[in-house]
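Below is one structure, written out as structure tokens; the observations come after it.
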Amino acid sequence: MADQQTRGQQQQQMQQAQPTEAIKSLLPQQGPSKSQVLAVVTLFPVGGALLFLAGLTLVGTLIGLAVATPVFLLFSPVLVPAALTIALAVTGFLTSGAFGITALSSLSWMINYMRRMRGTAGEQMEHAKRRVQETAGQMGQKAGQKIQETQRTL
């Protein structure tokens, strides 16, 4: 920690003693490469042209707005209700579509759920039938054994 403080003090002394050296240390040691110069020379006119087109578009938009504003004011009693009607119609169509998709997905889920339940109930019924048959078979065997035992004892 003391080492870092010492370095910081030495750098401050160097900067105060030689301000040009401090500035030179911030600059790169070499000049720009050929590819960097070529990139700047190529991109500067392209950027300037695009900036000019952006300004031209802004001016055109402002002139169009200045010309169209009186027309909008004159026709606003017709345009505003028309825009509201179109907006409400689009909203209605989108809402009805969303409700329709929700209804179809809900019905699909319910049908799949019922099919699974029916399949599960059918499997449970088959399992119960097998258990009843096995139990009946075991009881029949026990009954047969009891009958044989009673016949032997007689």
Side-chain angles (χ1 to χ4, degrees), residues 1-9 11 25-154:
M1 185 128 135
D3 189 35
Q4 289 177 353
Q5 289 177 352
T6 316
R7 284 185 201 161
Q9 289 173 355
Q11 287 176 352
S25 68
L26 296 174
L27 296 174
Q29 298 298 328
Q30 300 174 353
S33 66
K34 290 180 183 179
S35 62
Q36 290 173 336
V37 171
L38 186 62
V40 168
V41 168
T42 305
L43 293 178
F44 187 72
V46 173
L50 290 175
L51 187 62
F52 173 74
L53 288 175
L56 195 63
T57 304
L58 177 65
V59 170
T61 302
L62 291 175
I63 291 171
L65 186 61
V67 170
T69 300
V71 175
F72 283 139
L73 287 175
L74 287 175
F75 292 108
S76 65
V78 176
L79 292 176
V80 171
L84 286 175
T85 303
I86 290 171
L88 288 174
V90 168
T91 302
F93 282 125
L94 292 176
T95 304
S96 68
F99 286 157
I101 289 172
T102 302
L104 288 175
S105 64
S106 298
L107 287 173
S108 172
W109 180 84
M110 287 174 59
I111 288 170
N112 287 335
Y113 181 77
M114 296 301 254
R115 284 182 183 165
R116 277 185 278 152
M117 289 304 291
R118 187 182 317 148
T120 307
E123 291 172 6
Q124 288 177 350
M125 194 63 117
E126 290 296 322
H127 183 65
K129 283 181 185 179
R130 269 189 250 117
R131 286 186 61 190
V132 168
Q133 289 173 351
E134 289 173 4
T135 305
Q138 288 174 357
M139 296 304 265
Q141 287 176 358
K142 284 184 182 180
Q145 288 175 356
K146 291 284 184 182
I147 292 172
Q148 286 177 1
E149 287 177 11
T150 52
Q151 287 176 356
R152 284 186 203 155
T153 55
L154 291 176

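Scope of the values below: all heavy atoms of this structure, side chains included, with no hydrogens, waters or symmetry mates. Please read all numbers here as calculations on a predicted model, not as lab measurements.
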If I take atom CD1 from residue Ile86 and atom OG1 from residue Thr91, how far apart are they, to the nearest 0.5 angstrom? 11.5 Å

So, the side chain of Ser105 versus the backbone of Thr102: is there a donor-acceptor pair under 3.5 Å, distance only? yes

Considering non-hydrogen atoms only, spot the tightest contact between Ser76 and Pro81 and give its length. O-CD, 3.8 Å

Once rounded to the nearest 0.5 Å, what's the spacing between atom CZ of Arg131 and atom CD of Gln138? 10.5 Å

Please examine the side chains of Val41 and Val37, heavy atoms only from C-beta on, and report whether any two atoms are closer than 4.5 Å. yes

OG1-CD distance between Thr135 and Gln133, expressed to the nearest 0.5 angstrom: 10.0 Å

Hey, what do you get for CG (Leu104) to CZ (Phe99), rounding to the nearest 0.5 Å? 13.5 Å

Look up atom NZ in Lys146 and atom CD in Gln141, then write down how far apart they are to the nearest 0.5 Å. 14.0 Å

Can you tell me how far CG of Leu51 sits from CG of Leu56, rounded to the nearest 0.5 angstrom? 11.5 Å

List the atom of Val71, the atom of Val67, and the distance in Å for their closest heavy-atom pair. CG2-O, 4.0 Å

